[in-house]
Q: 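One structure is given below, represented as structure tokens, and several questions about it will come after.
Here is how names work: the chains are called A, B, and so on, in the same order as the sequence lines, proteins then strands, and each is numbered from 1. Here the structure is a predicted model, which means the values were calculated and not measured.
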Amino acid sequence: MKPRVRFAPSPTGYLHIGGARTALFNWLYARHTGGTLVLRIEDTDAARNSQEAVDVILKGLRWLGLDWDEGPLTADATGPCKGDRGPYFQSQRKSHYTARVEDLLARGLAYEHEGAIKFKMTREPITIPDLVVGDVVRPLTDREQLDPDWVLVRSDGQPVFHFVNVVDDLEMGITHVIRGEDHLSNTAKHIALFRAFGVEPPRYAHIPLILNGDGSKMSKRDKGASLTTYLDEGFLPEAVDNYLCLLGWSPKDNLEKIPLSEVVERFDLPQILRHNAKFDFEKLLWLQGEYCRELAPERFHELAVHALTHEGVDIHALDANYVQAALATCRGKIKTFAELPAYAGFYFREDIAYDPEAATKAFIPENKPRLEKVRDAFDALAAFDAAGIEAALKATAVGLGVKVGALIHPTRLAVTGHPHGPSLYHLLEVLGKDRVRHRIEKALGSFPA
RNA sequence: GACCCUAUGGUCUAGCGGUUAGGACACCUCCCUUUCACGGAGGUAGCCCGGGUUCGAUUCCCGGUAGGGUCGCCA
């Protein structure tokens, strides 16, 4: 029988990076085994549940490229779904829960207490066979010994998470539950419930958690905890996927950068690590740079345009060829698209501000005549292209008896405002003779007297 | 408080009784170079502690310590 796994997020309004990894591991296992991935929305808490919140989840998963075989197609709980084991929104499964409670009640395995319905929990320790951790024996804690029974349905009629989760896994035919280790202790409750229903529980695989850099639990407010951050800050989904794979799992063979398709081949549950991992933003950034650098020109351009537009840089009034040429000089230089407005902004506006620190170094009296020579040399150029510009700059440097760097730095600052940026020769060509001339003149005017 | 899980450089990890403990990120040095980035060559840094088992433990067992998790009419 092919495995059936599920990702069952609660629509809280954001998708936790750890949740994204749980989804990824479920997806990998399903794809590796040829099994089925079910997406189930645990929207039992009507108070904080909304279509927008579901959309965040769907968008996040789609962005990461994690497609599901069964589950919602839209964020609408009553909308279209694929798969024949639905509904896939818990808010639509009331009747299932009611029937299950009545069954337990009828067989004396549950009872009413102060308006709530409680489950008669076994007093014996329960062994949890876990594919990642091994056999875990979970006796009752001291508090549980006082009252081992637990609530299935609240006095307001709402079933609780542990109950609906088990009912859904059972009725959806889930064979492997791959989830965060924070659920490991609670699994005893789940196993007891499955047995009460007369079925064998699914196999479990509890994966380690992702912690903050300081070792604390990564929660909603922590930097980098929300997947949306990466989407908004110009990360590439392949970089995020790749990085997430490396947390708690290893492709071995000293591999770091590895396409998801190859991870699908190599991935399996028993090799998952048992200890938590701290989130290392720097390493994610490195991977991001790796993927960003080798982006196909068309995709780079597309994402760059999106990032600029998103940041309010209006490029639609500009000549498309100009924009294209400008962005092309940035390819291979930036790591995330969020850097682009600062990195390439000088292409798209006339008012450029000079980096103060760089200006005190480059805009010094002795550089003024040099920059004038550069201007004159550029004026004399018939073809204002990178090769010609380079030759002109070098010839000017020779004429002045200085290193070419002495001309390059003031020129770069004059036309871009920054000490760093794309290849100077190429960016000058893209800006064009007139803009360059204008900016150099303006810069000459801002030299100290 | 009880119970559970975990423990290789700062971080992610390879290792599954005998290794000069390997790789990657980060960091440092040098080279390349029009800046930055990239690339190349080096470098600093690690098996939590204590007992066992064994001819021999990073590796197996026990204890401690530390970190994390769970014990809700939250999910």
Q: Just how far, in rounded Å, is P of B/C5 from CG of A/Asp135?
A: 10 Å
Q: The side chain of A/Thr44 lies closest to which of these nucleotides: B/A75, B/C5, B/C12?
A: B/A75
Q: Using Watson-Crick or G-U wobble geometry with both distances under 3.5 Å, which nucleotide pairs with B/U6?
A: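 Base partner found: B/A66.
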Q: Is A/Asp149 salt-bridged to A/Lys189, cutoff N-O under 4.0 Å?
A: no
Q: Under the side-chain hydrogen bond (donor to acceptor under 3.5 Å, both in side chains) test, which residues partner A/Glu171, sequence neighbours left out?
A: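 A/Glu171 satisfies side-chain hydrogen bond (donor to acceptor under 3.5 Å, both in side chains) with A/Arg93, A/Arg100 only.
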Q: Using 4.0 Å as the upper bound for N to carboxylate O, is an ion pair formed by A/Arg123 and A/Glu144?
A: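 Answer for the salt bridge query: no.
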Q: Quantified in whole Å, what is the P atom distance between nucleotide B/A7 and nucleotide B/U58?
A: 16 Å
Q: Taking the same atom, P, in B/C28 and in B/G18, what whole-Å distance lies between them?
A: 37 Å
Q: Report the distance from atom CG of A/Leu246 to atom P of B/G23, rounded to the nearest whole Å.
A: 16 Å
Q: Return the pairing partner of B/U54 with a 3.5 Å limit on both distances, Watson-Crick or G-U wobble; otherwise return none.
A: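 Per the H-bond distance test, none.
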Q: Considering only the C1' atoms, how many Å lie between B/G46 and B/U8, rounded to the nearest integer?
A: 6 Å
Q: Do the side-chain N or O atoms of A/Lys252 get closer than 4.0 angstrom to the phosphate oxygens (OP1, OP2) of B/G15?
A: yes
Q: Does any nucleotide pair with B/A75 by Watson-Crick or G-U wobble geometry, both distances under 3.5 Å, and what is it?
A: none
Q: According to the side-chain hydrogen bond (donor to acceptor under 3.5 Å, both in side chains) rule, which pairs have a member within residues 400-425 of chain A, sequence neighbours left out?
A: A/Ser423-A/His426
Q: Please give the distance between the C1' atoms of B/C16 and B/U11 as a whole number of Å.
A: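 Pairwise C1' distance, B/C16 against B/U11, rounds to 23 Å.
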Q: Using side-chain hydrogen bond (donor to acceptor under 3.5 Å, both in side chains) as the criterion, list what pairs up with A/Lys118, not counting sequence neighbours.
A: A/Asp147
Q: For A/Trp249 and A/Phe267, take the angle between the two ring planes, folded into 0 to 90°, and tell me which bin it lands in: parallel under 30, tilted 30 to 60, perpendicular over 60.
A: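 The rings of A/Trp249 and A/Phe267 sit tilted, inter-plane angle from 30° to 60°.
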Q: For atom P, what is the distance between B/U59 and B/G51, given to the nearest Å?
A: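 Straight-line distance between the two P atoms is 13 Å.
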Q: I'd like to compare against my own output: the B/S/- annotation of nucleotides 57-72 of chain B with a strict under-4.0 Å heavy-atom distance to protein.
A: -----------SBSB-
Q: Expressed as a whole number of angstroms, how long is the span from A/Ile207:CD1 to B/C5:P?
A: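 From A/Ile207 CD1 to B/C5 P: 18 Å.
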Q: Does B/C36 have a Watson-Crick or wobble partner in any strand here, with both distances under 3.5 angstrom, and which is it?
A: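 Here B/C36 is not engaged in any pair, so there is no nucleotide opposite it.
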Q: Please identify each residue that fulfils side-chain hydrogen bond (donor to acceptor under 3.5 Å, both in side chains) with A/Glu390, with sequence neighbours left out.
A: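 Partners of A/Glu390 under the side-chain hydrogen bond (donor to acceptor under 3.5 Å, both in side chains) test: A/Lys394.
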Q: Within the 4.0 Å limit for protein heavy atoms, which parts of nucleotides 24-38 of chain B are touched? Write it as a string from 5' to 3', B for base, S for sugar-phosphate only, - for none.
A: BB--------BBBSS
Q: If you measure from the C1' atom in B/C27 to the same atom in B/A2, how many Å do you get, rounded?
A: 43 Å
Q: Please enumerate all residues that pass ring pair (Phe, Tyr, Trp, His ring centres under 6.0 Å) together with A/Tyr243, with sequence neighbours excluded.
A: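 For A/Tyr243 the ring pair (Phe, Tyr, Trp, His ring centres under 6.0 Å) partners, ignoring immediate neighbours, are A/Phe279.
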Q: My understanding is that only residues two or more places apart in sequence, or in another chain, count here; which of them pass ring pair (Phe, Tyr, Trp, His ring centres under 6.0 Å) with A/Phe163?
A: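 By the ring pair (Phe, Tyr, Trp, His ring centres under 6.0 Å) rule, A/Phe163 matches no residue at all.
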Q: What nucleotide among B/A75, B/U6, B/C12 has an atom nearest to a side-chain atom of A/Leu247?
A: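 For A/Leu247, the side-chain atoms sit closest to B/C12.
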Q: Does B/U59 pair with anything, Watson-Crick or G-U wobble, both distances under 3.5 Å, and if so, with which nucleotide?
A: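 Its partner is none (no Watson-Crick or G-U wobble pair with both distances under 3.5 Å).
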Q: Both distances below 3.5 Å, Watson-Crick or wobble geometry, any strand: find the nucleotide opposite B/U20.
A: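 WC or wobble partner does not exist here.
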Q: What interatomic distance, in whole Å, is found between P of B/C12 and the corresponding atom of B/G67?
A: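 That atom pair is separated by 16 Å.
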Q: Return the value, rounded to whole Å, for the distance between atom CG of A/Leu287 and atom P of B/U13.
A: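 Result: 13 Å.
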Q: Measuring only the P atom in each nucleotide, how far is B/U54 from B/C61? A whole number of Å is fine.
A: 16 Å
Q: Near RNA chain B, counting only heavy atoms under 4.0 Å, which residues of residues 114-128 of chain A show up?
A: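 Going residue by residue through residues 114-128 of chain A, the ones with a heavy atom under 4.0 Å of RNA chain B turn out to be A/Glu114, A/Ala116.
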Q: Going by the side-chain hydrogen bond (donor to acceptor under 3.5 Å, both in side chains) test, which pairs reach into residues 326-339 of chain A, not counting sequence neighbours?
A: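 The answer is A/Thr329-A/Tyr347.
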Q: Decide, yes or no, whether a salt bridge links A/Glu70 with A/Arg40 under the criterion of side-chain N to carboxylate O below 4.0 Å.
A: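 Not counted as a salt bridge, because no side-chain N and carboxylate O are separated by less than 4.0 Å.
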Q: More 5' along RNA chain B: A/Val133 or A/Asp253, using each one's nearest nucleotide?
A: A/Val133
Q: Which is it for A/Asp43 and A/Ser91 under the side chain to side chain donor-acceptor pair (under 3.5 Å) test, yes or no, and what are the steps along the way?
A: CA-CA 6 Å; A/Asp43 57 343; A/Ser91 61; 2.7 Å; yes
Q: Could you check A/Leu255 against A/Tyr243 and say which one's nearest nucleotide on RNA chain B is further toward the 5' end?
A: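 On the 5' side of the pair lies A/Tyr243.
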Q: Between B/U13 atom P and A/Asn242 atom CG, what is the distance in whole Å?
A: 14 Å
Q: Using atom CD1 of A/Ile272 as one end and atom P of B/C5 as the other, report the distance to the nearest whole Å.
A: 18 Å
Q: From OH of A/Tyr204 over to C1' of B/C4, roughly how many Å is that when rounded to an integer?
A: 16 Å
Q: In the structure shown, which nucleotide is the Watson-Crick or G-U wobble counterpart of B/G42, with both distances under 3.5 Å?
A: B/C28
Q: Partner of B/A14 by Watson-Crick or G-U wobble geometry, both contacts under 3.5 Å, or none?
A: none
Q: Name the nucleic acid region contacted by A/Val137, choosing base, sugar-phosphate or nothing; use a 4.0 angstrom heavy-atom cut-off, strictly under.
A: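 Sugar-phosphate: the residue A/Val137, judged by heavy atoms under 4.0 Å, touches backbone atoms but no base.
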Q: Who are the side-chain hydrogen bond (donor to acceptor under 3.5 Å, both in side chains) partners of A/Arg439, not counting sequence neighbours?
A: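 Applying side-chain hydrogen bond (donor to acceptor under 3.5 Å, both in side chains) to A/Arg439 gives none.
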Q: Can you list the residues that meet the ring pair (Phe, Tyr, Trp, His ring centres under 6.0 Å) rule with A/Phe346, with sequence neighbours excluded?
A: none
Q: In terms of side-chain heavy atoms of A/Ser155, which of B/A75, B/U13, B/C73 is nearest?
A: B/C73
Q: Nearest whole angstrom, please: distance from the C1' of B/U11 to the CG of A/Leu273.
A: 14 Å
